[in-house]
Amino acid sequence: MTQQADRIALFRIMVLARTCDDRMAKLKAQNEVPGSVFVGRGQEAFSAAAGMRLRPGDLFAPLIRDQAGRFAFGETPLDAIRTVLGRRTGPMRGRDGNVHRGDWAAGLLPMISHLGAMVSPVVGTLLARRLAGKQTAGDLSVGVASIGDGGMNTGALHEAVNAAAVERLPLVLLVADNQYAYSTTSDRTYACAHLVERAIGYGIAGYRCDGTDADACLETVGAAITAARAGKGPQMVVADLLRLAGHGTHDDASYVGEDVKSRFGDCLQFYERTLMQQGVLTAESLAAIRDEARKQVEDAVQQALGEPQPDVAAEEWWARSERDLVNVRSA
Amino acid sequence: MTQQADRIALFRIMVLARTCDDRMAKLKAQNEVPGSVFVGRGQEAFSAAAGMRLRPGDLFAPLIRDQAGRFAFGETPLDAIRTVLGRRTGPMRGRDGNVHRGDWAAGLLPMISHLGAMVSPVVGTLLARRLAGKQTAGDLSVGVASIGDGGMNTGALHEAVNAAAVERLPLVLLVADNQYAYSTTSDRTYACAHLVERAIGYGIAGYRCDGTDADACLETVGAAITAARAGKGPQMVVADLLRLAGHGTHDDASYVGEDVKSRFGDCLQFYERTLMQQGVLTAESLAAIRDEARKQVEDAVQQALGEPQPDVAAEEWWARSERDLVNVRSA
Amino acid sequence: MKYLEAIRLALSELLASDQRVFIYGQDIAGPFGGAFKATKGLSERFPGRVLNSPISEDAMTGIAIGAAMDGMRPIVEYQFADFASVAFNQLVNHAGTLYYRTGRPCPIVARLPVGGTPGGGPFHCQMPETWLSNHPGLVVVAPATVADAYFMLKDAVACRDPVCFLEHKYLYYHLEAEFDPQSAEHPGLGRAVVRRPGDDLTIVAYSGMVHHAIAAAAQLESEHGLSAEVVDLRCVRPLDEETILASLSRTGRIIIASEGWPFGGPTAEVAALVAEKGFQFLDAPPVRLAARDTPIPFHPELFMAHHPDDHAIVQAALDLARY
Amino acid sequence: MKYLEAIRLALSELLASDQRVFIYGQDIAGPFGGAFKATKGLSERFPGRVLNSPISEDAMTGIAIGAAMDGMRPIVEYQFADFASVAFNQLVNHAGTLYYRTGRPCPIVARLPVGGTPGGGPFHCQMPETWLSNHPGLVVVAPATVADAYFMLKDAVACRDPVCFLEHKYLYYHLEAEFDPQSAEHPGLGRAVVRRPGDDLTIVAYSGMVHHAIAAAAQLESEHGLSAEVVDLRCVRPLDEETILASLSRTGRIIIASEGWPFGGPTAEVAALVAEKGFQFLDAPPVRLAARDTPIPFHPELFMAHHPDDHAIVQAALDLARY
Ligand SMILES: Cc1ncc(C[n+]2csc(CCOP(=O)(O)OP(=O)(O)O)c2C)c(N)n1
Ligand SMILES: Cc1ncc(C[n+]2csc(CCOP(=O)(O)OP(=O)(O)O)c2C)c(N)n1
Ligand SMILES: [Mg+2]
Ligand SMILES: [Mg+2]
């Protein structure tokens, strides 16, 4: 892809994610959504950049603000919305919901809620591929795992990143430092000058980028992913940005200080302005992208709303795949 | 204390610890010890240095190679040996054994086995003292916690050090990088060039020292403890050294490569030679120190061997201090 | 007063009356005041004693342990009980072992928002009492009423041993009742109480399930002329065996209902207890009602079908009465 | 062959026959070969497939989960089951939930050295089956014989679901027996077996306790003319209810013995099971024998007094027979 085409594709994804997040929030307000709705407003550029640089066969372990990265990696608006709506259709069949959707077969990991817990499974998959001889030296399939400034302080995250470093696996840790862990300010969650300083302690490459600058995200995240593919071991990219919404739609984020708000803009607005100024986008193409996104999302919403709820009577209450362990016997 | 007196005191402790460790190993060989025996051979200088710079009111959370630090902090050979022998006397009353001995009231924490788990309780005690107004600005009571190269990779360690950094508490983390985690070489446990690089990621001060050089240990650990007392927040000191024995007496350490052995000497031998060369020690004073240590340990062994075993019939099988919860009621 | 407000009132009174008390947890400081607002306004009223923690449940717990051993009475708020799974080791292997090992108790209170709400899904609805109860040393309580939420929290802080305090999330906002915080009259921390007397059968429950049991008892009375006695365990570890057996001795029939999973835990323990020590009282087999043996589903309809409710209890009671 | 050697043989055959199998854990690579030597020689024979891990139980488990979801059959060795407490979350909330949530099973095997040895103390002697069994999704097995150690480990790897494989440390070196690894005849993974037939009472046990039960049964026979049937659960989660109830239906009396702690878990579950579903068979109350409700003491004499043994079972059997 030419670089301009790439930038437009990135912008498209960001618009689509923003549109989808907004629509989900509206569905929540309309009482169509059983659980919480989490949005990635303000974090689309960083998240999308990762998805843009992944390819089939790679892994992506998104968290709660990664609608953009999910779309870039191939998730459909329909799967996103039908899961948020708890429909029987879609990957989680109403058994799990909202941001917990995923598909191991497609390399899109369905998160469990415990922060930090999704990184070691990515590491394990990458290790498995090496052991199984599925990797091509110099052109490795990589695994991207998302984490936030708060999640960086979980024991699970520490153990997983260290293990990846020891094995020199192609893990790319995407750290979205959005200044808050829920309501908690960064000064209450870590004490280093910048989270990128964690990288040296793990013995892995570290990168910083301005999460509000989409081109910078694409470039930096792209470089990290390229290095991982090349066999340079785990990479950590830390983006500075701000969550431009509540933790979930239930949260008014009134705790976010004006000073902080003044420091961070909206990556989508910035990118739109930039691409317009540079003539990469025109009023027409912009309108087309927006209409297209609205249509994609609206089509998905309408279809999802029409899809069946889980059938309680038919539900199979089985936590194990082996129905009769009495007969489980090795060949 | 004059600096020379300090050095002699340090040497005394190292000799006492080595003598005690050796005697415990002998007791184990003589089938007097129910459980495992872990020794700190080769690590006495680093461990003792910490204990030497602590004072009553401070905290020390030793691990399995800290006999020297324990003695320096005030543990008696008798409490050490009676615990290893499982006697009813002594702090653990035969309920817990060997390296798990301690006394919260004296600030000597009785470790649980799970590596990394003892650091957050030290942090909590330091936090409690700040909250209770028990600390004097500029002259804080500090908490030293030991950890090894292997234990540095536990989630518990990560969470605890980060929390201490956020609260800027006077924690001094003593990292003994003895090249192995049990049989596992460092290249299989961490990937950074040196573990001191973890400090920057936590936003705390980091120090390196040669664990085989007792003077260097005393100086570096002393500086770290002084900084912590002054209110400069958590400090991390990483010593390079080698465990000059098996993981426990049950382990012949045959996995330790000759190359590694050639790189690390015995801190006790080095210090003895240095102090003799400098005339700080004479043949006589050295002999006296050794005899004194042997006598102290032997007296403790003889007394401990004569002390009673736990009385099974009289054992109180209570895991809770409240015997009747039905009546527990707030005032 | 709401169940949540009773907890907040107890917390504020504890902070006001006991300098040893402080609260540590994620997002509990003002202006936010906690994911469920249990600490709303407290950090402002008690500066420096309501502290936000990093997302580090293992360290949060270890920090509370260290503070408690140094003479404080720390209260840890976990955002959801489900996340205390990563604090499991510090709770059971550290807090729970200190008294036996050292003779010094470890008075921490772990506040755990438990139980299901529609749409909560597999990781925000769990009941943790079973995996907190096997290791020795911990006290596990589960208040079902507004008054208990208040009094038992104070009793938990008064208790010298580590207490896991299970707060039911559904009750936070949905349960409201008047009570007199001044009243000296309330049952001790380890005491089970009869919420509703009855003669024909005993329904044992705890936490949110108590309300299903009471509703079921009312329906059994009005629609089926069956008199069910409802025993609220209040404290699941240790159990108040006396109260359970006394009720069974009167009724001869017993149902144990829980929102938790079926294998092991308090329902098994109570069923085993009555079989072992109440055998002669049993006119019929003890009946256990627990959740389905799967993760807790996200979809509200699946969620409602996942755990027993008053209808399930009524059905079981009718079958049991017929035995 | 010793119990430990049977495990090593199974591991080596699994590595030889199935390229999907690899082993991950602390100190398992050569020349060391593991804290208990279960993997001695295997890293040399199977280069790159027996990997030392950092001291990171949570990550070790998550790594196995990821590998399993990608088609491998990982075996994780925890140095002591006690330390799996810090892997609790990945085991119960991740491995255990994947099949129900996604429809894709997670075939990992967690090898957990369990049980007491004199002088082991509070953190090297624990039985983890109770806290591994409440959450849905995990299979928990506890081989008590040399043949089971071999066959059940192979069956565990064949099982599509996550299996916690409890290896008793005392049996590692102390239990020796001949068996034919070629024999196609062995009970399925979830099957309980009658180790010794009897008519007067049933003794249910698992893991190391099975041997106390067998010794007790022999003594009851020779010294007291009592015929005790010994049922080895083998798989504690899920339970083979059929075999337990069938034995009870013949004997009418049952003792459930475990080295684990008393509250909840398999002993409570089996007692509750027989009370619920075997009520009509019970000629006497079910009897539970479990460890003392304290941490496991270090001193050998306290340790021996902490858990039930053959003498305790004999005593309980005599009382039960007299009921
Ligand atoms: C182990 C664990 N503890 C607590 C929570 C509850 N929780 C969910 S999101 C969140 C804040 C996360 O902050 P951060 O990692 O910075 O991500 P952000 O929400 O800012 O994107 C918390 C505390 C959790 N999911 N997991
Ligand atoms: C969480 C946990 N996992 C495993 C163990 C078992 N174990 C005890 S000591 C040890 C090696 C520790 O290595 P290191 O931290 O380098 O300390 P050293 O023994 O070298 O002093 C291990 C794996 C443990 N105690 N805790
Ligand atoms: Mg954040
Ligand atoms: Mg080491």
Side-chain angles (χ1 to χ4, degrees), chain B residues 59 61 91-93 95-96 100-105 107 109-114 116-134 143 154-167 169 316-322 324-331, chain C residues 14 19-20 22 24 48-49 51 53-72 74 86 89-90 93-94 96-105 107 135-139 151 154-162 186-191 235 238 240 242:
Chain B
L59 298 166
M92 311 314 281
R93 302 163 294 165
R95 292 177 170 189
D96 207 342
H100 297 84
R101 65 190 181 273
D103 175 0
W104 269 95
L109 274 54
M111 62 177 275
I112 69 168
S113 295
H114 301 70
M118 295 311 298
V119 183
S120 55
V122 172
V123 176
T125 302
L126 296 171
L127 179 64
R129 290 177 181 186
R130 172 190 292 169
L131 295 179
K134 292 183 193 165
T154 59
L157 185 285
H158 176 67
E159 295 189 357
V161 174
N162 181 67
V166 166
E167 296 290 350
L169 290 164
E316 293 195 310
W317 299 103
W318 277 98
R320 290 184 306 267
S321 69
E322 305 276 9
D324 182 6
L325 279 157
V326 163
N327 293 330
V328 169
R329 205 189 266 96
S330 51
Chain C
L14 285 161
Q19 283 303 313
R20 301 171 306 170
F22 72 98
Y24 191 57
R49 294 173 62 197
L51 304 169
S53 73
I55 304 172
S56 304
E57 282 78 5
D58 183 284
M60 284 159 59
T61 311
I63 284 169
I65 289 168
M69 297 308 284
D70 204 55
M72 303 293 276
V86 287
N89 184 58
Q90 290 285 3
N93 282 321
H94 211 169
T97 64
L98 277 162
Y99 174 70
Y100 182 73
R101 292 169 56 232
T102 71
R104 291 168 67 92
H135 285 75
L138 298 181
V139 175
F151 287 117
K154 289 192 149 186
D155 295 347
V157 172
C159 181
R160 289 189 306 267
D161 298 305
H186 71 276
L189 190 63
R191 175 66 77 195
C235 181
D240 176 0
E242 202 184 305

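Only a predicted model underlies this, so the values are computations on that prediction, with no experimental measurement involved.
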- Note on the structure: Note: vs chain B, highest number of non-hydrogen pairs under 4.5 angstrom among Ala158(C), Gly103(C), Gly137(C) is Gly137(C)
- If one checks every heavy atom of Ile112(B) against chain C at 4.5 Å, the contacting part turns out to be both
- Task: Check each atom of Arg93(B) against the heavy atoms of chain C and say whether the ones under 4.5 Å are side chain, backbone, both or neither.
- Result: side chain
- Message: Would you compute the distance between atom CG of Leu131(B) and atom CG of Leu126(B) and round it to the nearest 0.5 angstrom?
- Response: 11.0 Å
- Counting heavy-atom pairs under 4.5 Å to chain C, which of Ala105(B), Ala132(B), Pro91(B) comes out on top? Ala105(B)
- Highest number of heavy-atom pairs under 4.5 Å with chain B: which of Asp240(C), Leu51(C), Asn93(C)? Asn93(C)
- Query: When only pairs under 4.5 Å are counted, which of Lys154(C), Arg160(C), Glu242(C), Arg191(C) shares the most heavy-atom pairs with chain B?
  - Reply: Arg160(C)
- If you look at every heavy atom in Val326(B) and Gly190(C), which pair is closest and at what distance? CG2-O, 3.7 Å
- Query: Excluding sequence neighbours, so at least two apart, what forms side chain to side chain contact (heavy atoms under 4.5 Å, CB included) with Pro238(C)?
  - Reply: Arg320(B), Leu325(B), Cys235(C)
- Query: Is it the backbone or the side chain of His100(B) that comes under 4.5 Å from a heavy atom of chain C, or both, or neither?
  - Reply: both
- Item | Closest-packed option against chain C by number of heavy-atom pairs under 4.5 Å, given Pro110(B), Ala319(B), Ser120(B) | Ser120(B)
- Message: Nearest 0.5 angstrom please: Thr102(C) OG1 to Trp104(B) CH2, how far?
- Response: 9.0 Å
- With chain B, the option among His94(C), Arg20(C), Arg101(C), His135(C) that has the most non-hydrogen atom pairs under 4.5 Å is Arg101(C)
- Query: Hey, which of Pro121(B), Gly124(B), Ser321(B), Ser330(B) has the most heavy atom pairs under 4.5 Å with chain C?
  - Reply: Ser321(B)
- Message: Report which part of Val122(B) has an atom under 4.5 Å of a heavy atom belonging to chain C: side chain, backbone, both, or neither.
- Response: neither
- Rounded distance [0.5 Å steps], CE in Met92(B) versus CG in Asp103(B): 9.5 Å
- Message: Is any side-chain heavy atom of Val123(B) closer than 4.5 Å to one of Glu167(B)?
- Response: no
- Query: Where does Pro74(C) contact chain B at under 4.5 Å (heavy atoms): side chain, backbone, both or neither?
  - Reply: neither
- Query: With sequence neighbours left out, what residues match Ala128(B) under side chain to side chain contact (heavy atoms under 4.5 Å, CB included)?
  - Reply: Ala67(C), Asp70(C), Met72(C)
- What part of Arg104(C) gets closer than 4.5 Å to chain B, counting heavy atoms only: side chain, backbone, both or neither? side chain
- Message: Nearest 0.5 Å, please: how far is CZ in Arg130(B) from CZ in Phe22(C)?
- Response: 11.5 Å
- Atom CD in Glu159(B), atom OG1 in Thr61(C): separation rounded to 0.5 Å? 8.5 Å
- Item | Leading residue by heavy atom contact count with chain B [cutoff under 4.5 Å; candidates Ala68(C), Gly48(C), Gly62(C)] | Gly62(C)
- Query: For the atom pair CG (Asp58(C)) and OG1 (Thr154(B)), what is the distance rounded to the nearest 0.5 Å?
  - Reply: 8.0 Å
- Query: Measuring heavy-atom distances to chain B, does Gln90(C) have an atom under 4.5 Å in its side chain, in its backbone, in both, or in neither?
  - Reply: side chain
